[in-house]
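What follows is a short report on a single structure.
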Amino acid sequence: TELPLGQYTEVANMSYSKVRKTARQNSRNRKILGAEIILQEKTRELEERVKELDCLYSISRFIEKPGITIPKILQGAVNALPKAWQYPDIASARIVFDILTVTSKKFHETPWIQSQSIKVRGQTVGRVDVAYLEKAPPSDEGPFLLEERYLLDEVADRLGRVIERMRAEEELREREKDLALMNQEL
């Protein structure tokens, strides 16, 4: 059956209207999907930053404990570091200081390692290493994020400052003892 010409036009206009409506809905859906993807990415990035802050807070809490020793501070730092990396399940850490080496569980040398020197009074006295125990997807610095580099640098810097402070305090105590002995002899 044939439709009169006016009905063809009406059907064509209806179809065009539906096509436009569908196109607008598809466009809105794409924008919503794009916004959801961006939101998920930003949420993941924020979760990574929270892990990094937790690491720094954990190390700070160790440093602030009265009477804590350098080896205990280093062990606390080495235990906190892997949790802050993007792939904590395959991350491990090691800190070498003078003749002391402390490691997290399962640490071993791998091709995927990030390192930073620990310096005291401008002299290198050790280093902090974080390694992935297996291959991880490529990122900013091998498999490591740029923010992980910043965190590693900050941890090494803090450890250097606390070691310097603790050594200075020990030297001061020794000098005070010497002065006390000299006063007794007078």
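In this chain, residues are counted from 1 in sequence order.
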Could you tell me whether Arg175 atom CZ has more than 12 heavy atoms of other residues or ligands within 6.0 Å of it?
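Incorrect, the count does not exceed 12.
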Stepwise salt bridge (charged side-chain N to carboxylate O under 4.0 Å, His left out) test for Lys42 and Glu45
CA-CA 5 Å; Lys42 294 299 178 188; Glu45 288 174 7; 3.6 Å; yes
Determine whether a donor-acceptor pair (N or O, by modelled atom type, separation under 3.5 Å) exists between the side chain of [X] and the backbone of [Y].
X      : Y      : answer
Gln75  : Thr103 : yes
Ser104 : Ala93  : yes
Asp157 : Asp153 : no
Thr110 : Trp112 : yes
Asp140 : Leu145 : no
Glu148 : Gln86  : yes
Ser58  : Asp54  : no
Lys83  : Lys51  : no

Of all heavy-atom pairs linking Val120 and Gly160, the shortest is CG2-O, 3.6 Å
Closest non-hydrogen atom pair, Val102 against Val78:
O-CG2, 3.7 Å
Membership question, hydrophobic clusters at under 4.5 Å side-chain separation (ILVMFWY): are [Y] and [X] in the same one?
X      : Y      : answer
Val130 : Tyr150 : no
Leu100 : Val128 : yes
Ile70  : Val162 : yes

Would you say the side chain of [Y] lies within less than 4.5 Å of the side chain of [X], judging by non-hydrogen atoms?
X      : Y      : result
Leu172 : Glu169 : no
Glu64  : Ile59  : no
Ile113 : Ser115 : yes
Arg94  : Thr101 : yes
Asp129 : Gln114 : no
Trp85  : Leu152 : yes
Arg158 : Ser60  : yes
Gln123 : Lys119 : no

Side chain to side chain contact (heavy atoms under 4.5 Å, CB included) between Thr69 and Ile73: does it pass, once the steps are laid out?
CA-CA 6 Å; Thr69 63; Ile73 290 171; over 6 Å; no
Decide, yes or no, whether a salt bridge links [X] with [Y] under the criterion of side-chain N to carboxylate O below 4.0 Å.
X      : Y      : value
Glu164 : Arg161 : no
Glu47  : Arg44  : no
Arg167 : Glu171 : no
Arg127 : Asp98  : no

[X] [atom1] to [Y] [atom2] distance, which is reported to the nearest 0.5 Å:
X      : Y      : atom1 : atom2 : result
Glu48  : Glu52  : CD    : CD    : 6.5 Å
Leu159 : Ile63  : CG    : CD1   : 6.0 Å
Tyr132 : Ser92  : OH    : OG    : 10.5 Å
Leu56  : Leu81  : CG    : CG    : 9.0 Å
Thr43  : Ile38  : OG1   : CD1   : 11.5 Å
Glu109 : Leu133 : CD    : CG    : 11.5 Å

Within 45 degrees of the ring normal and closer than 6.0 Å to the centroid, is that where the cationic atom of Lys65 sits relative to Phe62?
yes
One pair to check against side chain to side chain contact (heavy atoms under 4.5 Å, CB included): Ile118 and Thr124. What are the steps and the verdict?
CA-CA 6 Å; Ile118 300 172; Thr124 299; over 6 Å; no
